[in-house]
> 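This structure is in C-alpha coordinates; I'll ask about it shortly.
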Amino acid sequence: MQKTLQTLRSQRRNRFRILACIDGTEDSLITVRFAARFSVQDNCDLIVLFVRPIDSGLQSGGLQVRLARENMLEAGFELPGVTHLKQALEALRQEGLDVGGWPRESRRSEAWGDPAGDNKLEFASPGGRTVVLKLKTAPDVASGILDQYELGPYNLIITGHPSRWTGELMAVFRSGIVQTVTTMAPCSVLVARNSFDKKGFFICTDGSPRSTQAVRRSAVLARVTGEPITLFSVAASPAGKSAAEDAVANAGALLKAMNIPVAETRVAVGRPAEEIVEAGSLYQVIVVTDEGRSRLARLARGSTATEVVRKARTSVLDVR
(Lines give C-alpha, C1' and ligand atoms only; values in the text may rest on other atoms or scores of the structure.)
Protein backbone atom coordinates (compact mmCIF):
# COMPACT_ATOMS: atom_id res chain seq x y z
CA MET A 1 0.00 0.00 0.00
CA GLN A 2 2.78 2.44 0.94
CA LYS A 3 4.63 1.69 -2.30
CA THR A 4 1.45 2.31 -4.31
CA LEU A 5 0.87 5.64 -2.57
CA GLN A 6 4.47 6.71 -3.16
CA THR A 7 4.18 5.85 -6.85
CA LEU A 8 0.93 7.83 -7.13
CA ARG A 9 2.43 10.89 -5.42
CA SER A 10 5.48 10.67 -7.69
CA GLN A 11 3.24 10.66 -10.76
CA ARG A 12 1.26 13.61 -9.45
CA ARG A 13 4.42 15.68 -8.94
CA ASN A 14 4.89 15.65 -12.71
CA ARG A 15 1.54 17.38 -13.18
CA PHE A 16 0.20 20.82 -12.28
CA ARG A 17 -2.47 20.19 -9.67
CA ILE A 18 -4.94 22.80 -8.45
CA LEU A 19 -7.15 22.56 -5.37
CA ALA A 20 -10.12 24.96 -5.63
CA CYS A 21 -11.99 25.35 -2.33
CA ILE A 22 -15.67 26.32 -2.18
CA ASP A 23 -17.91 27.00 0.81
CA GLY A 24 -21.37 27.06 -0.74
CA THR A 25 -21.61 30.82 -1.33
CA GLU A 26 -21.96 32.28 -4.80
CA ASP A 27 -18.73 34.24 -4.30
CA SER A 28 -16.78 31.07 -3.59
CA LEU A 29 -17.33 29.88 -7.17
CA ILE A 30 -14.77 32.53 -8.15
CA THR A 31 -12.16 29.97 -7.08
CA VAL A 32 -13.56 27.47 -9.57
CA ARG A 33 -13.54 30.03 -12.38
CA PHE A 34 -9.89 30.88 -11.71
CA ALA A 35 -9.01 27.19 -11.59
CA ALA A 36 -10.69 26.56 -14.95
CA ARG A 37 -8.66 29.37 -16.54
CA PHE A 38 -5.41 28.09 -15.07
CA SER A 39 -5.89 24.41 -15.95
CA VAL A 40 -6.13 24.64 -19.72
CA GLN A 41 -3.48 22.05 -20.60
CA ASP A 42 -3.59 18.26 -20.47
CA ASN A 43 -0.87 18.14 -17.81
CA CYS A 44 -3.20 19.92 -15.35
CA ASP A 45 -5.53 18.32 -12.81
CA LEU A 46 -8.27 20.20 -10.98
CA ILE A 47 -9.85 19.17 -7.68
CA VAL A 48 -12.88 21.10 -6.38
CA LEU A 49 -13.21 20.67 -2.62
CA PHE A 50 -16.10 21.21 -0.23
CA VAL A 51 -15.42 20.45 3.45
CA ARG A 52 -18.40 19.54 5.62
CA PRO A 53 -18.54 19.03 9.40
CA ILE A 54 -18.60 15.52 10.81
CA ASP A 55 -22.01 13.81 10.69
CA SER A 56 -23.80 16.93 9.43
CA GLY A 57 -27.44 16.15 8.67
CA LEU A 58 -26.90 12.39 8.59
CA GLN A 59 -28.67 11.23 11.73
CA SER A 60 -31.21 9.03 9.95
CA GLY A 61 -30.39 5.36 10.39
CA GLY A 62 -31.88 4.43 7.03
CA LEU A 63 -29.85 7.10 5.33
CA GLN A 64 -26.66 5.90 7.03
CA VAL A 65 -27.15 2.37 5.74
CA ARG A 66 -27.71 3.60 2.22
CA LEU A 67 -24.69 5.89 2.33
CA ALA A 68 -22.54 2.99 3.45
CA ARG A 69 -23.33 1.26 0.16
CA GLU A 70 -22.85 4.04 -2.38
CA ASN A 71 -21.01 7.21 -3.14
CA MET A 72 -22.77 10.31 -1.82
CA LEU A 73 -22.15 12.32 -4.99
CA GLU A 74 -23.70 9.61 -7.17
CA ALA A 75 -26.65 8.85 -4.90
CA GLY A 76 -28.65 11.94 -5.79
CA PHE A 77 -28.85 13.40 -2.29
CA GLU A 78 -29.35 17.17 -2.18
CA LEU A 79 -27.35 17.59 1.00
CA PRO A 80 -25.01 20.49 1.82
CA GLY A 81 -21.88 20.08 -0.25
CA VAL A 82 -23.43 17.86 -2.91
CA THR A 83 -25.52 20.70 -4.29
CA HIS A 84 -22.58 23.12 -4.13
CA LEU A 85 -20.28 20.75 -5.99
CA LYS A 86 -22.89 20.42 -8.72
CA GLN A 87 -22.95 24.21 -8.97
CA ALA A 88 -19.16 24.16 -9.31
CA LEU A 89 -19.48 21.70 -12.18
CA GLU A 90 -21.82 24.14 -13.94
CA ALA A 91 -19.36 27.00 -13.33
CA LEU A 92 -16.63 24.94 -14.99
CA ARG A 93 -18.87 24.34 -17.99
CA GLN A 94 -19.51 28.07 -18.30
CA GLU A 95 -15.76 28.62 -18.33
CA GLY A 96 -15.39 26.16 -21.22
CA LEU A 97 -14.37 23.11 -19.19
CA ASP A 98 -17.24 20.71 -19.87
CA VAL A 99 -16.55 17.28 -18.37
CA GLY A 100 -20.04 15.91 -19.03
CA GLY A 101 -18.84 13.53 -21.73
CA TRP A 102 -15.73 12.30 -19.92
CA PRO A 103 -15.59 8.83 -18.33
CA ARG A 104 -16.13 9.08 -14.59
CA GLU A 105 -15.50 7.03 -11.46
CA SER A 106 -16.84 7.50 -7.95
CA ARG A 107 -15.10 6.52 -4.73
CA ARG A 108 -15.90 6.63 -1.04
CA SER A 109 -13.57 6.23 1.94
CA GLU A 110 -14.00 6.14 5.71
CA ALA A 111 -13.34 9.38 7.59
CA TRP A 112 -13.71 10.39 11.24
CA GLY A 113 -16.28 7.67 11.91
CA ASP A 114 -18.79 9.62 9.83
CA PRO A 115 -21.46 7.47 8.12
CA ALA A 116 -20.93 9.15 4.77
CA GLY A 117 -17.14 9.50 4.96
CA ASP A 118 -15.19 11.20 2.17
CA ASN A 119 -16.67 11.06 -1.33
CA LYS A 120 -15.27 11.97 -4.68
CA LEU A 121 -16.34 11.85 -8.31
CA GLU A 122 -13.46 11.79 -10.79
CA PHE A 123 -13.74 12.72 -14.48
CA ALA A 124 -10.87 11.72 -16.80
CA SER A 125 -10.36 13.17 -20.27
CA PRO A 126 -8.91 11.20 -23.20
CA GLY A 127 -5.87 13.50 -23.02
CA GLY A 128 -5.10 12.53 -19.43
CA ARG A 129 -6.59 15.48 -17.55
CA THR A 130 -8.68 14.84 -14.45
CA VAL A 131 -11.35 16.93 -12.77
CA VAL A 132 -12.42 15.76 -9.32
CA LEU A 133 -15.36 16.80 -7.16
CA LYS A 134 -14.44 16.07 -3.54
CA LEU A 135 -16.80 16.12 -0.56
CA LYS A 136 -14.56 15.88 2.49
CA THR A 137 -15.41 15.38 6.15
CA ALA A 138 -13.33 17.22 8.77
CA PRO A 139 -13.65 18.80 12.22
CA ASP A 140 -13.20 22.24 10.65
CA VAL A 141 -12.77 23.66 7.17
CA ALA A 142 -9.16 24.85 7.45
CA SER A 143 -7.88 21.51 8.72
CA GLY A 144 -9.88 19.75 6.00
CA ILE A 145 -8.19 21.81 3.29
CA LEU A 146 -4.72 21.28 4.75
CA ASP A 147 -5.39 17.55 5.19
CA GLN A 148 -6.42 17.38 1.54
CA TYR A 149 -3.04 18.81 0.56
CA GLU A 150 -1.38 15.85 2.26
CA LEU A 151 -3.41 13.56 0.00
CA GLY A 152 -2.23 15.54 -3.04
CA PRO A 153 0.26 17.02 -3.33
CA TYR A 154 -0.86 20.23 -5.04
CA ASN A 155 0.93 23.09 -6.76
CA LEU A 156 -1.75 25.66 -6.02
CA ILE A 157 -4.59 26.08 -3.53
CA ILE A 158 -7.29 28.62 -4.42
CA THR A 159 -9.46 30.02 -1.63
CA GLY A 160 -11.98 32.83 -1.37
CA HIS A 161 -11.19 36.21 0.16
CA PRO A 162 -10.88 36.42 3.96
CA SER A 163 -13.95 37.40 5.97
CA ARG A 164 -11.77 38.19 8.97
CA TRP A 165 -8.05 38.42 9.63
CA THR A 166 -6.49 38.67 13.08
CA GLY A 167 -3.10 40.05 14.06
CA GLU A 168 -0.16 37.67 14.31
CA LEU A 169 -0.40 37.51 18.09
CA MET A 170 -4.12 36.66 18.11
CA ALA A 171 -3.59 34.21 15.23
CA VAL A 172 -1.62 32.01 17.62
CA PHE A 173 -4.91 31.34 19.41
CA ARG A 174 -7.49 31.81 16.67
CA SER A 175 -7.52 32.72 13.00
CA GLY A 176 -9.97 32.54 10.10
CA ILE A 177 -10.04 29.82 7.44
CA VAL A 178 -8.29 31.81 4.71
CA GLN A 179 -5.67 33.15 7.12
CA THR A 180 -4.90 29.68 8.43
CA VAL A 181 -4.63 28.14 4.96
CA THR A 182 -2.59 31.03 3.54
CA THR A 183 -0.05 30.99 6.35
CA MET A 184 0.24 27.22 6.79
CA ALA A 185 -0.17 25.68 3.32
CA PRO A 186 3.04 24.11 1.95
CA CYS A 187 2.25 25.24 -1.61
CA SER A 188 1.32 28.51 -3.32
CA VAL A 189 -2.07 30.00 -2.43
CA LEU A 190 -4.29 32.23 -4.55
CA VAL A 191 -6.69 34.32 -2.47
CA ALA A 192 -9.36 34.96 -5.09
CA ARG A 193 -11.49 38.07 -5.27
CA ASN A 194 -13.83 39.00 -8.12
CA SER A 195 -11.19 40.66 -10.29
CA PHE A 196 -12.12 39.23 -13.68
CA ASP A 197 -12.93 42.71 -15.01
CA LYS A 198 -9.23 43.60 -14.62
CA LYS A 199 -6.26 42.53 -16.72
CA GLY A 200 -2.73 41.45 -16.01
CA PHE A 201 -0.40 39.84 -13.50
CA PHE A 202 1.31 42.41 -11.26
CA ILE A 203 4.44 40.46 -10.30
CA CYS A 204 6.46 41.86 -7.40
CA THR A 205 10.17 41.15 -6.97
CA ASP A 206 12.90 42.18 -4.55
CA GLY A 207 15.72 40.53 -6.48
CA SER A 208 16.27 37.68 -3.99
CA PRO A 209 16.66 34.09 -5.26
CA ARG A 210 13.34 33.18 -3.65
CA SER A 211 11.61 36.08 -5.39
CA THR A 212 13.26 35.23 -8.72
CA GLN A 213 11.79 31.74 -8.57
CA ALA A 214 8.37 33.24 -7.85
CA VAL A 215 8.71 35.51 -10.88
CA ARG A 216 9.53 32.57 -13.12
CA ARG A 217 6.68 30.38 -11.90
CA SER A 218 3.98 33.06 -11.88
CA ALA A 219 5.03 34.32 -15.32
CA VAL A 220 4.42 30.86 -16.77
CA LEU A 221 0.93 30.92 -15.27
CA ALA A 222 0.30 34.39 -16.70
CA ARG A 223 1.37 33.25 -20.13
CA VAL A 224 -0.88 30.18 -20.01
CA THR A 225 -3.87 32.40 -19.21
CA GLY A 226 -2.91 35.07 -21.76
CA GLU A 227 -2.54 37.83 -19.17
CA PRO A 228 0.01 40.65 -19.67
CA ILE A 229 2.82 40.93 -17.13
CA THR A 230 3.91 43.97 -15.14
CA LEU A 231 7.08 43.69 -13.05
CA PHE A 232 7.21 45.80 -9.90
CA SER A 233 9.72 46.45 -7.14
CA VAL A 234 9.61 48.71 -4.09
CA ALA A 235 12.51 50.47 -2.40
CA ALA A 236 12.01 51.27 1.28
CA SER A 237 13.99 54.52 0.82
CA PRO A 238 15.37 56.61 -2.06
CA ALA A 239 18.80 55.09 -1.43
CA GLY A 240 17.44 51.67 -2.39
CA LYS A 241 15.79 52.73 -5.64
CA SER A 242 18.75 51.60 -7.74
CA ALA A 243 18.54 48.09 -6.28
CA ALA A 244 14.79 48.00 -7.02
CA GLU A 245 15.47 49.01 -10.62
CA ASP A 246 18.06 46.24 -10.89
CA ALA A 247 15.54 43.75 -9.49
CA VAL A 248 12.95 44.44 -12.19
CA ALA A 249 15.64 44.58 -14.89
CA ASN A 250 16.99 41.17 -13.87
CA ALA A 251 13.47 39.71 -13.69
CA GLY A 252 12.77 41.10 -17.16
CA ALA A 253 15.96 39.52 -18.52
CA LEU A 254 14.96 36.18 -16.99
CA LEU A 255 11.55 36.24 -18.67
CA LYS A 256 13.05 37.37 -21.97
CA ALA A 257 15.29 34.28 -21.88
CA MET A 258 12.10 32.24 -21.34
CA ASN A 259 10.42 33.95 -24.34
CA ILE A 260 7.79 35.45 -22.05
CA PRO A 261 7.04 39.09 -22.93
CA VAL A 262 6.81 41.79 -20.26
CA ALA A 263 4.28 44.56 -20.86
CA GLU A 264 5.66 47.03 -18.30
CA THR A 265 8.19 47.51 -15.49
CA ARG A 266 7.60 49.80 -12.52
CA VAL A 267 9.50 50.93 -9.42
CA ALA A 268 8.23 52.77 -6.33
CA VAL A 269 9.62 54.11 -3.07
CA GLY A 270 7.78 53.65 0.23
CA ARG A 271 6.41 50.95 2.51
CA PRO A 272 6.41 47.77 0.39
CA ALA A 273 2.99 46.38 1.36
CA GLU A 274 1.24 49.75 0.96
CA GLU A 275 2.84 50.46 -2.42
CA ILE A 276 2.05 46.98 -3.71
CA VAL A 277 -1.60 47.11 -2.60
CA GLU A 278 -2.12 50.58 -4.09
CA ALA A 279 -0.33 50.02 -7.41
CA GLY A 280 -1.59 46.47 -7.83
CA SER A 281 -5.26 47.23 -7.29
CA LEU A 282 -5.76 47.85 -11.03
CA TYR A 283 -4.60 44.36 -12.02
CA GLN A 284 -6.35 41.01 -12.00
CA VAL A 285 -3.72 39.31 -9.83
CA ILE A 286 -0.98 40.62 -7.54
CA VAL A 287 1.89 38.16 -7.18
CA VAL A 288 3.98 38.26 -4.00
CA THR A 289 6.69 35.96 -2.68
CA ASP A 290 6.10 34.20 0.62
CA GLU A 291 9.07 34.83 2.92
CA GLY A 292 8.87 31.35 4.41
CA ARG A 293 8.77 32.71 7.96
CA SER A 294 7.30 30.87 10.91
CA ARG A 295 4.41 32.38 12.85
CA LEU A 296 6.87 33.52 15.52
CA ALA A 297 9.13 35.13 12.91
CA ARG A 298 6.16 36.93 11.34
CA LEU A 299 5.20 38.18 14.79
CA ALA A 300 8.70 39.62 15.28
CA ARG A 301 9.50 40.82 11.75
CA GLY A 302 6.16 41.04 9.99
CA SER A 303 5.39 39.73 6.50
CA THR A 304 4.88 41.82 3.38
CA ALA A 305 3.19 38.92 1.60
CA THR A 306 0.70 38.35 4.43
CA GLU A 307 -0.07 42.06 4.69
CA VAL A 308 -0.75 42.29 0.96
CA VAL A 309 -3.06 39.25 1.04
CA ARG A 310 -5.03 40.84 3.87
CA LYS A 311 -5.32 44.39 2.50
CA ALA A 312 -5.48 43.91 -1.27
CA ARG A 313 -8.57 44.88 -3.25
CA THR A 314 -7.84 42.34 -5.98
CA SER A 315 -6.79 38.69 -6.12
CA VAL A 316 -3.39 37.84 -4.63
CA LEU A 317 -1.12 34.91 -5.49
CA ASP A 318 1.22 34.11 -2.59
CA VAL A 319 3.98 32.03 -4.18
CA ARG A 320 5.93 29.39 -2.28
> Ignoring hydrogens and geometry beyond distance, is a side-chain donor-acceptor pair present between E122 and T130 at under 3.5 Å?
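Looking only at side-chain atoms, T130 and E122 do not form any donor-acceptor pair under 3.5 Å.
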
> My understanding is that only residues two or more places apart in sequence, or in another chain, count here; which of them pass side chain to side chain contact (heavy atoms under 4.5 Å, CB included) with S143?
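S143 satisfies side chain to side chain contact (heavy atoms under 4.5 Å, CB included) with A138, P139, D140 once adjacent residues are dropped.
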
> Salt bridge or not between D118 and K136? Use side-chain N to carboxylate O under 4.0 Å.
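Yes, this pair counts.
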
> Just jot down the ring pair (Phe, Tyr, Trp, His ring centres under 6.0 Å) partners of F123, sequence neighbours excluded, or say none.
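Checked F123 against ring pair (Phe, Tyr, Trp, His ring centres under 6.0 Å); zero matches.
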
> Please identify each residue that fulfils side chain to side chain donor-acceptor pair (under 3.5 Å) with S237, with sequence neighbours left out.
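By the side chain to side chain donor-acceptor pair (under 3.5 Å) rule, S237 matches no residue at all.
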
> Below 4.5 Å, heavy atoms only, C-beta onward: do L97 and L46 meet side chain to side chain?
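They are in contact (side-chain heavy atoms under 4.5 Å apart), so the answer is yes.
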
> Might you point out which heavy atoms bring I203 and S218 nearest each other, and give the distance in Å?
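Scanning both residues, the minimum pair turns out to be CD1-OG, 3.5 Å.
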
> Looking at K311, I'd like to know if its NZ atom is crowded, meaning that more than 12 non-hydrogen atoms belonging to other residues, nucleotides or ligands lie closer than 6.0 Å.
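Yes, the 6.0 Å shell around NZ holds more than 12 heavy atoms from other groups.
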
> Taking NZ, NE, NH1 and NH2 as the nitrogens, is one of them in R37 or E227 under 4.0 Å from a carboxylate oxygen of the other?
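Salt bridge absent between R37 and E227.
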
> Let me confirm one number: the CG-OG1 distance from L190 to T182, rounded to the nearest 0.5 Å.
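Result: 9.5 Å between the selected atoms.
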
> Answer with yes or no whether the side chains of T25 and D23 bring together a donor and an acceptor at under 3.5 Å.
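Side chains of D23 and T25: pair found under 3.5 Å.
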
> Once you round to the nearest 0.5 Å, how far does CZ of F34 lie from OG1 of T159?
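One finds 11.0 Å between CZ of F34 and OG1 of T159.
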
> Would you please classify the geometry between the Y154 ring and the Y149 ring as parallel, tilted or perpendicular, with 30° and 60° separating the classes?
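Rings of Y149 and Y154: tilted, 30 to 60°.
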
